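Naming convention: chains lettered A, B, ... in sequence-line order (proteins, then strands); numbering from 1 in each chain. Note that the structure is predicted; figures quoted are calculated from it, not measured.
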Number of protein chains: 2
Amino acid sequence: MGRGRAAGYDEQRETILARAAELFAQRGYSATTMNQVAEACGLSKPALYHYYKDKYALLVSIADTHVSRLETLVQGVLARKAAPRAQMRALVEGLVGEYAFAQHAHRVLTEEVKFLEPGDQQRILEKERAIVSGFAKVVTAIRPDLLATPMGKPLTMLLFGMINWMFTWMRPDGELGYEDMGPMVADLFLNGLSRVAVPKAKKEMPH
Amino acid sequence: MGRGRAAGYDEQRETILARAAELFAQRGYSATTMNQVAEACGLSKPALYHYYKDKYALLVSIADTHVSRLETLVQGVLARKAAPRAQMRALVEGLVGEYAFAQHAHRVLTEEVKFLEPGDQQRILEKERAIVSGFAKVVTAIRPDLLATPMGKPLTMLLFGMINWMFTWMRPDGELGYEDMGPMVADLFLNGLSRVAVPKAKKEMPH
DNA sequence: CCTACCGATCGGTAGG
DNA sequence: CCTACCGATCGGTAGG
């Protein structure tokens with residue numbers, strides 16, 4: 001593709017996005033300068049602006065690309081009908097793998113959403129909600145009794161906490177790699193979930 | 001106490017710290033302006049600078065105060081000798097309670113550490129490591145067989161993930177409050193931890 | 001002399 | 001694709 005565009009235009013855009021994601025993840029969106037992005041890409045600042053309209057376009061593109069990949073992954077797992085516990089393992093391992101593949105983009109997605117303008121933020125949070133819903137559906141398939149409680153979503157979010165937090169403390173040279181973590185997380189969560197107590201007489205909301 | 005200082009000086013400093021923590025948590029350290037901090041405190045900017053040397057002093061003070069409270073809490077629980085599982089419940093519920101009490105400071109501690117200068121960052125990460133160590137000690141007291149594996153610290157960090165991530169999704173008007181979450185997290189983790197599989201023939205590092 | 005503050009403006013640097 | 005800049009806004013401080 002690229003009639004009218006130099007060969008390598010799209011590749012260059014992807015490279016820029018990856019470098020920008022790394023810088024945004026390390027220093028934060030608002031503390032990263034476009035000079036730093038340009039330098040990391042081996043480009044002059046005007047050259048950088050040839051590929052992306054402005055700094056904000058980089059942020060939106062990183063978040064959009066990543067959250068869409070995650071959503072596709074979740075829909076794919078749910079489409080393959082399987083036992084709930086097997087689906088949960090597939091979801092957890094798939095998500096950990098996706099994050100390992102794009103850990104900088106993932107940290108940007110989780111920590112820099114606050115810099116998105118309302119419209120973009122809403123669109124991306126919508127996709128995040130779809131991802132969480134997919135997980136929550138499997139959680140309540142494993143523990144149908146939780147449907148009568150307000151615990152389904154909180155338990156699902158605890159699972160996301162384990163996974164999302166991994167990328168703040170794991171080091172690539174650590175003893176365990178991402179491929180070890182997926183099963184460990186699934187194990188811990190599934191074993192815990194099976195036995196979580198349902199509080200009796202959980203307060204019904206008055207309205 | 002205030003020989004030479006006006007009455008209310010220390011109270012004013014605490015108020016400023018709380019307001020700054022809220023702004024830093026919402027907008028990020030580097031995107032928050034000293035004008036915004038001053039305005040949130042009902043002070044002029046020069047008045048604000050009367051209480052804190054500069055913007056950076058606010059960040060260090062927020063992080064230091066909060067991490068020290070957490071460390072004190074953990075040491076206190078460990079000092080009261082009790083059964084490991086009871087200690088774990090006390091740690092989790094204590095930590096969740098501390099976070100609920102200072103959720104803005106907590107988000108600053110977890111998300112804005114990157115803006116600390118190397119010396120300050122090291123001192124604070126040291127305290128964080130002490131906190132994690134306290135938890136890890138109880139984890140291996142519950143599952144002594146994990147001492148022979150590299151899983152003790154990762155499992156502990158999964159627990160921190162559940163707790164730290166709570167503050168990104170819980171809403172004060174949600175169906176469940178922080179007082180409900182502590183027991184739920186402890187339940188999920190303890191039930192899961194008891195049954196986490198130890199992979200056989202875990203790779204020994206060659207050096 | 002002190003503190004607690006205000007209106008105005010400084011030197012530097014950001015995105016573009 | 002570069003040097004050279006701009007409009008604006010930042011953190012921090014002067015005099016009073």
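For the pair Leu23(B) CG and dG11(D) P, the interatomic distance rounds to 12 Å; values are reported in whole Å. Tyr56(A) has its OH atom 16 Å from the P atom of dG15(C), to the nearest Å. In this structure, the CZ atom of Arg27(B) is 11 Å from the P atom of dC10(D), given to the nearest Å. Rounded to an integer number of Å, the gap from Phe115(A) CZ to dG15(C) P is 12 Å. With rounding to whole Å, Arg13(B) atom CZ is found 14 Å from dT3(C) atom P. In this structure, Lys55(B) atom NZ and dT9(D) atom P are separated by 16 Å, rounded to whole Å. The NZ atom of Lys53(B) sits 8 Å away from the P atom of dG12(D) (whole-angstrom rounding). Residue Asp54(B) contributes atom CG, which lies 8 Å from atom P of dT13(D) at whole-angstrom precision.
Every residue meeting the side chain to side chain contact (heavy atoms under 4.5 Å, CB included) condition with Val132(A), not counting sequence neighbours, appears here in chain and number order: Thr156(A), Met157(A), Phe160(A). When the side chain to side chain contact (heavy atoms under 4.5 Å, CB included) test is applied to Ala197(A), the partners found at least two apart in sequence or on another chain are Asp187(B). Evaluation of the salt bridge (charged side-chain N to carboxylate O under 4.0 Å, His left out) rule for Arg69(A) yields Glu98(A) as partners, not counting sequence neighbours. Under the side chain to side chain contact (heavy atoms under 4.5 Å, CB included) criterion, Lys137(A) pairs with no residue, sequence neighbours left out. Phe167(A) is linked by a ring pair (Phe, Tyr, Trp, His ring centres under 6.0 Å) to Tyr99(A), His106(A), Tyr178(A), counting only residues two or more places apart in sequence or in another chain. For Tyr51(B), the ring pair (Phe, Tyr, Trp, His ring centres under 6.0 Å) partners are Tyr9(B), not counting sequence neighbours.
You'll find the side chain of Val92(A) stays beyond 4.5 Å of the side chain of Phe189(A), heavy atoms only. For the pair Leu188(A)/Leu188(B), no side-chain contact is recorded, criterion being any heavy-atom separation below 4.5 Å from C-beta on.
Between dG12(D), dC6(C), dG15(C), one nucleotide has an atom nearer to the side chain of Ser44(B) than all others, and that is dC6(C). Listed nucleotides: dT3(C), dG16(C), dG12(D). Nearest to the side chain of Tyr49(A): dG16(C). Among the nucleotides dC6(C), dG16(C), dA4(C), the one closest to any side-chain atom of Tyr9(B) is dA4(C). Of all nucleotides listed (dT13(D), dG16(C), dC1(D)), dC1(D) comes nearest to the side chain of Ala47(A). In this structure, the nucleotide among dG16(C), dC6(C), dG11(D) sitting nearest to the side chain of Lys45(B) is dG11(D). When each of dG12(D), dG16(C), dC5(C) is scored by its nearest atom to the side-chain atoms of Tyr51(B), the top-ranked nucleotide is dC5(C).
For residues 19-36 of chain B, the side chain to side chain donor-acceptor pair (under 3.5 Å) pairs, not counting sequence neighbours, are Ser30(A)-Ser30(B).
Shown for residues 29-40 of chain A: no residue has heavy atoms falling under 4.0 angstrom of DNA chain D.
The side chain of His50(B) places no N or O atom within less than 4.0 Å of a non-bridging phosphate oxygen (OP1 or OP2) of dC5(C).
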Residues Asp120(A), Arg123(A); criterion salt bridge (Lys or Arg N to Asp or Glu O under 4.0 Å); working and verdict: CA-CA 5 Å; Asp120(A) 296 317; Arg123(A) 189 184 63 253; 3.0 Å; yes
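The gap from the C1' atom of dG11(C) to that of dT9(D) amounts to 13 Å, rounded to the nearest Å. With both ends at atom P, the span from dA8(C) to dG12(D) equals 22 Å, rounded to whole Å.
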Writing each nucleotide of DNA chain D 5' to 3' as (, ), [, ], | or . by Watson-Crick or G-U pairing under 3.5 Å yields ....||...||.|.|.
